[in-house]
Amino acid sequence: LSCFGASVDNAFIKTLEKALDRNLCDSLDKAVAEGLIDKVDDKYHFSHDRIQETAYSMMDQLNRCNFHFKYGMALAPLADGKGDDGILLTAANQLNLAGPE
């Protein structure tokens, strides 16, 4: 979640799960139970901005870049160009974040 900012809606999580062929909701629901993130109106968000910042900064630079690259490459094929460009923009943003700083 921290690679996508402070909040993500459940529909996007389901799309990402499909793209990665991996269950993400179980881990997010565990974090909700621990009070690290909240789920309100089908949207996951960090309980506090410092939690998001800490979660993101705990990844070393190489892992962070690898996650962004993996997410961007997984989402890019799902952007069909027919309607909402949100997936395409998110994929492009993830790939940009994967590059060198």
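Only heavy atoms go into these numbers, but all of them, side chains included; no hydrogens, no water, no symmetry mates.
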What residues, two or more places apart in sequence or in another chain, satisfy side chain to side chain contact (heavy atoms under 4.5 Å, CB included) together with S27? none

Which residue pairs satisfy the salt bridge (Lys or Arg N to Asp or Glu O under 4.0 Å) criterion with at least one member in residues 25-36, sequence neighbours excluded? none

Measuring only between side-chain heavy atoms, which start at C-beta, is R22 closer than 4.5 Å to L24? yes

Are there over 12 heavy-atom neighbours, none belonging to K18, within less than 6.0 Å of that residue's NZ? no

Report whether F12 and L89 are members of the same hydrophobic cluster (ILVMFWY, side-chain heavy atoms less than 4.5 Å apart, transitive linking). no

Donor-acceptor list for residues 49-58 side chains, cut-off 3.5 Å, not counting sequence neighbours:
from, atom 1, to, atom 2, distance (Å)
R50, NH1, E53, OE1, 3.1
Q52, NE2, S2, O, 3.1
T54, OG1, R50, O, 2.8
Y56, OH, H68, NE2, 2.7
S57, OG, E53, O, 3.1
S57, OG, T54, O, 3.2

Between the side chain of D85 and the main-chain N/O of L88, is any donor-acceptor distance below 3.5 Å? no

Would you please name every residue forming a side chain to side chain donor-acceptor pair (under 3.5 Å) with D21, sequence neighbours left out? none

Ignoring hydrogens, what is the shortest heavy-atom contact between A79 and I87? Give both atom names and the distance. N-CG2, 4.1 Å

Is any side-chain heavy atom of V8 less than 4.5 Å from a side-chain heavy atom of K43? no

Mind checking what makes ring-ring contact (aromatic ring centres under 6.0 Å, His included) contact with Y71, not counting sequence neighbours? F4, F67

Compare every heavy atom of S47 with every heavy atom of G35, then report the nearest pair and how far apart it is. O-OG, 2.9 Å

How close do G99 and C65 get, counting heavy atoms only, and between which atoms? O-SG, 4.0 Å

If you apply the rule side chain to side chain contact (heavy atoms under 4.5 Å, CB included), what do you find for L1 with S7, and how did you get there? CA-CA 7 Å; L1 177 61; S7 65; 5.9 Å; no

What pairs with D41 under side chain to side chain donor-acceptor pair (under 3.5 Å), at least two apart in sequence or on another chain? none

Is there a side-chain contact between V32 and L28, using heavy atoms and a 4.5 Å cut-off? no

Side-chain cluster (under 4.5 Å, hydrophobic types only) that L95 belongs to, other residues: F69, M73

Which atom names give the shortest non-hydrogen contact between A19 and A74, and what distance separates them? CB-O, 3.4 Å

Pairs touching residues 4-16 that satisfy salt bridge (Lys or Arg N to Asp or Glu O under 4.0 Å), sequence neighbours left out: K14-E17

